[in-house]
Amino acid sequence: MGAVTPLRTAGGTTSVDVGPAVDGSLTEVARSAVAGTGRRGGGGDWEFTAEALWCTARPAGVATPEQGWKLHISAAGEAAASVLAAVAGVIARDACVFKFAGDLEKLHQVNSRNSERGSAGKFITVYPVDEEQFRRLAAELHLATAEFPGPSVLSDRPYAPGSRVHYRYGVFTRRAELGNDGAYRSMLHAPDGTRVEDVRTASYRCPPWLTDPVEGRGSTPATGERRTGGVLLGGRYALTAAVRHGTKGGVFLGRDTEGGGEGGAEVVVKQARAHIEVDRSGTDARAALRHEAELLGLLAGAELAPGVIDLIEQGDAVYLVQERVPGVALGSWVAGRLRRDGTPDVPWEEARGVALGLVSLVAEVHARGLVLRDLSPGNVMVRPDGSLRLVDLELAAAVGATVGTAGTPGYRAPEQEPAVCQAGFGADLYALGGLFFLLATGHDPLLPPGEGSLEQWLAAAGREGETARRLAPLVLGLRSMDPALRQLPSTEPFLTSFVGATPLRSASPFPEPLVVDGLAQLAATATPERADRLWATVPGGQLTDPCNVQHGAAGVLAVLARAVVVGLPAAETAAVAAGWIERRVAAEPTVLPGLHFGRSGVAWALLDAAEALGDAELARRAVKLAQDVPIRWPNPDVCHGAAGAGFLQLRLHRSTGDATYLGRAADCAATLLASAEREPYGLTWPVPKGFDSVFAGAGQLGYAHGVAGVGAFLLATGEVTGDQRILDGAAEAVRTLAATVRQDGAAAWWPQGAGDPPHVRLAHWCSGSSGVGSFLVRYWRATGDETAHRLALAAGQAVLDARWHSGVSACHGLAGNGEYLLDLAEATGEQRFRTGAEELAGLIAARAVRRDGRLVLPDETGLSSTPAYGTGTSGPLAFLLRLRYGGPRLWLDPQPPALQH
């Protein structure tokens with residue numbers, strides 16, 4: 001997050017410099033426009049605040065309402081300064097708060113193809129104080145910006161056709177509220193007290209209690225997403241379905257009504273919206289699509305890419321109509337051929353032809369003097385006959401041409417990173433090495449920033465897979481950092497003779513410094529001065545409670561507490577994290593019960609930290625915090641609901657010995673038993689259909705959100721209380737899981753829900769074999785039940801078989817799966833499970849990079865290294881700590897740290 005730099009501009013005076021957080025060019029434009037201008041209501045003082053993407057201008061003495069009609073003004077990059085000057089000049093005379101993208105690079109982010117569809121194009125946001133001012137400003141700003149280019153804003157309605165001014169009703173200053181799923185939401189409040197989420201989608205919506213202030217009518221259907229059925233493009237091409245919607249435009253299937261065949265020939269139609277930029281050079285999507293049409297024409301007849309049928313300009317968009325290439329994208333083709341037998345790669349008999357085809361494609365394109373610049377799994381189609389075709393050539397360029405940053409993460413060559421660079425053949429060779437890596441491992445070649453390579457990962461895969469052995473030397477050569485050292489392989493020699501004998505360095509067990517370096521990285525990246533988040537998180541967690549276990553600080557704190565107990569240097573960071581969490585929790589009035597997304601995990605982590613640090617006062621406050629957690633909740637699951645709160649009660653009982661908490665756990669269990677529903681395959685715990693949650697109506701099987709997690713809580717409670725009715729509920733959960741298992745040889749897999757298609761077979765902790773097995777192995781140890789024993793062992797085999805095709809995280813990856821293998825090793829004494837856990841640790845370590853002198857692991861994106869427990873690096877650290885030092889499992893076995901070692 002950027003620095004916050006307040007400054008004031010008095011009428012006619014020169015203000016202080018805004019500092020490095022904001023590019024002064026755009027800020028100076030706005031300041032100059034408002035300085036010294038008389039305004040309605042008097043006074044001329046303005047305060048400018050720069051923070052992250054935005055610079056906000058606030059006039060003195062003007063209050064901003066909590067919600068209302070807001071205005072968004074768009075601008076193409078080349079018109080940014082002119083548009084901002086015009087807008088700021090109008091607002092200076094009729095003052096209200098407004099904000100704008102702080103510099104041209106930030107505006108590029110707003111106008112980029114990678115921006116969210118509901119946010120793209122919003123260069124300037126204006127917050128009128130009332131509807132009367134809204135109408136005045138809308139009219140004046142429309143006239144002031146009419147001559148300038150800019151993209152449409154899909155979430156809004158344009159003030160007039162083609163206007164740069166757009167509007168919608170939304171939240172201004174009202175505090176975001178924590179929803180039942182643990183994420184913050186902006187909520188609109190109707191006059192009757194009804195609350196409606198302020199959803200920023202790619203369509204305009206007028207709240208039902210309001211009248212559109214421009215059109216004078218009430219609530220209207222969404223306008224951003226138009227149905228494709230019945231649309232006739234150019235009077236000829238009938239659009240039949242949407243393949244995908246994107247910020248730069250959609251991709252549609254259709255038929256040529258004038259073409260041959262019954263109903264017309266099938267076509268693919270690509271749309272490009274005006275002034276959405278495809279790279280940092282400022283190239284807009286329409287120019288890129290016209291360029292793609294030109295390139296496809298150059299490649300016509302070569303069987304390399306689809307043929308061009310038509311190029312149509314309609315409204316402010318361009319449409320490319322091209323022949324439809326039957327088949328699937330290479331990424332999907334690879335995913336469909338990965339086996340569940342413990343091997344990492346696409347079988348060589350299938351991979352060989354694709355590898356040959358990729359080399360041939362690149363050679364043919366380069367022979368025509370072209371560089372693809374975005375050779376990636378989504379841009380190569382595998383036809384039914386196995387031949388390959390290139391699609392999406394909008395970023396291709398002549399060799400030597402000056403271009404902007406382009407390419408897909410993991411496949412983008414390092415020389416393509418600068419904002420301005422030259423197109424070179426080496427970029428495609430680097431990407432080709434990435435595609436070979438995909439064939440060899442089933443993974444995109446992603447590593448977080450730092451000093452590292454794919455060598456260890458390939459070495460591990462090469463010990464198990466023939467394709468990995470054959471392609472590994474080629475991958476390493478093509479992925480050289482020096483473009484001059486990359487060479488396009490000749491086809492037959494390297495594919496017909498076995499090259500696997502080339503020595504590959506063996507993957508070592510996880511390096512000793514990995515845990516210590518990981519703890520040091522946690523200390524180095526903490527930001528206790530920030531109020532919003534103590535540590536960064538993955539994009540999917542940025543709107544969640546910053547204190548929770550899954551994405552927030554509590555999960556990290558619990559791992560730090562474990563490190564303190566075993567004597568590792570983490571006490572100072574743990575104390576800082578505990579203090580930050582307590583302050584942040586005190587500011588959040590909503591108390592959710594879940595263990596991973598709610599307050600239960602927060603209280604648990606604080607209690608662990610208190611006991612590890614020997615801080616009796618912190619322990620007292622943690623217990624008090626836990627007392628506010630509700631144990632009855634519509635969602636029954638562990639992550640978000642009542643079962644998670646029940647686990648917290650067991651944790652409190654173990655620390656305090658207070659029977660009150662055991663009673664609360666038993667009460668929670670009784671409520672869960674009463675809420676269960678009987679299905680043909682057994683007892684389930686669905687989330688009520690009327691509950692305000694994305695899980696409403698769902699009845700899942702896994703640990704995080706379903707039967708296995710509820711069963712685990714019932715078992716743990718029944719064991720402590722001796723209540724046979726609660727234990728019977730756990731037994732019912734075992735029978736449900738036995739009835740829904742999908743057996744494949746010696747391996748047992750589960751789907752997310754019993755009605756999922758037959759091919760859905762999951763291995764991870766959240767919804768698959770690892771999580772289900774975590775309950776089953778504990779049930780077997782407690783009762784000796786043979787069905788649970790058999791299925792727990794088979795779940796372990798599934799985890800071993802899936803080890804090559806997982807990320808590193810705890811929720812959906814190797815760390816959570818490794819924890820289960822340790823469970824099995826401890827329960828059964830079988831060395832194969834301990835050995836398997838060590839192998840998973842090695843696979844995690846193979847993806848580490850060195851940054852600032854420390855070994856750093858990736859998070860679930862593969863592109864960054866954020867610390868969260870469920871999705872980041874703390875989950876793997878917890879697994880490695882347990883692998884090295886032993887002890888029961890965090891969040892499943894509710895014991896104080898002191899009892900675990």
Side-chain angles (χ1 to χ4, degrees), residues 1 409-410 412 414 417 437 441 443-460 479 481 505 507-528 530 533-542 550-553 555-560 562-563 568-570 572-574 576-577 806-816 818-819 840-884:
M1 190 171 181
R412 180 170 55 232
E417 294 289 349
F437 182 86
T441 66
H443 287 269
D444 293 317
L446 296 174
L447 291 174
E451 300 172 20
S453 75
L454 303 172
E455 185 175 359
Q456 291 294 327
W457 197 341
L458 282 168
R479 301 286 288 192
M481 296 298 287
R505 198 168 67 196
S508 61
F510 74 90
E512 193 66 29
L514 195 57
V515 171
V516 174
D517 283 1
L519 295 172
Q521 182 72 3
L522 294 179
T525 55
T527 56
R530 288 177 52 164
R533 300 202 81 87
L534 181 56
W535 282 285
T537 190
V538 297
Q542 289 173 358
Q550 181 76 356
H551 296 292
V556 183
L557 176 59
V559 176
L560 291 168
R562 295 293 173 94
L568 293 176
E572 183 177 350
T573 312
V576 168
S806 298
V808 303
S809 70
C811 190
H812 294 95
L814 295 168
E819 294 269 18
L840 265 59
L843 292 176
I844 290 172
R847 304 182 201 184
V849 300
R850 190 165 292 280
R851 184 190 303 167
D852 299 327
R854 294 185 290 269
L855 286 171
V856 174
L857 291 171
D859 57 31
E860 70 173 11
T861 70
L863 292 168
S864 56
S865 182
T866 56
Y869 180 86
T871 57
T873 63
S874 292
L877 289 178
F879 163 55
L880 296 176
L881 278 168
R882 185 178 171 214
L883 179 65
R884 175 63 188 274

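- The nearest pair of heavy atoms linking V856 to S865 is CG1-OG, 2.7 Å.
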Start with the C-alpha gap between T573 and L519, add the side-chain angles, then the distance that decides, and say whether side chain to side chain contact (heavy atoms under 4.5 Å, CB included) holds. CA-CA 9 Å; T573 312; L519 295 172; over 6 Å; no

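- The 12-atom threshold is not exceeded at CD of E451, counting heavy atoms of other residues, nucleotides or ligands nearer than 6.0 Å.
- Taken from CG in L840 to CD in E819, the straight-line distance is 11.0 Å, to the nearest 0.5 Å.
- Side-chain N or O atoms of R562 include none that pairs as donor or acceptor with a backbone N or O of A878 at under 3.5 Å.
- Under the 3.5 Å distance criterion, with hydrogens and angles disregarded, a donor-acceptor pair is assigned to the side chains of S864 and D859.
- The distance from the CG atom of L855 to the CG atom of L514 is 6.0 Å, given to the nearest 0.5 Å.
- Looking only at side-chain heavy atoms (C-beta outward), P445 and R479 come within less than 4.5 Å of each other.
- Pairing each heavy atom of P448 with each of R847, the nearest pair is CD-O, 4.1 Å.
- Between the side chain of T527 and the backbone N or O of R533, at least one donor-acceptor pair lies under 3.5 Å.
- T441 is not listed as a side-chain neighbour of L454, based on a closest heavy-atom distance of 4.5 Å or more.
- Taken to the nearest 0.5 Å, the OG1 atom of T537 stands 8.5 Å off from the CD atom of Q550.
- For the residue pair Y869 and V559, the shortest heavy atom distance occurs at CD1-CG2, 3.8 Å.
- The heavy-atom pair separating R854 from A520 by the smallest distance is CD-CB, 3.5 Å.
- Here the closest heavy-atom approach between residue A848 and residue L857 is recorded as CB-CD2, 3.9 Å.
- Minimum heavy-atom separation, P876 to T873: CD-O, 3.3 Å.
- Taken to the nearest 0.5 Å, the OG1 atom of T866 stands 8.0 Å off from the CD atom of E860.
- For the pair T525/P867, a side-chain contact is recorded, criterion being any heavy-atom separation below 4.5 Å from C-beta on.
- Judged as a side-chain contact (heavy atoms from CB on, under 4.5 Å), and not counting sequence neighbours, the contacts of A553 are L534, W535, W580, I581.
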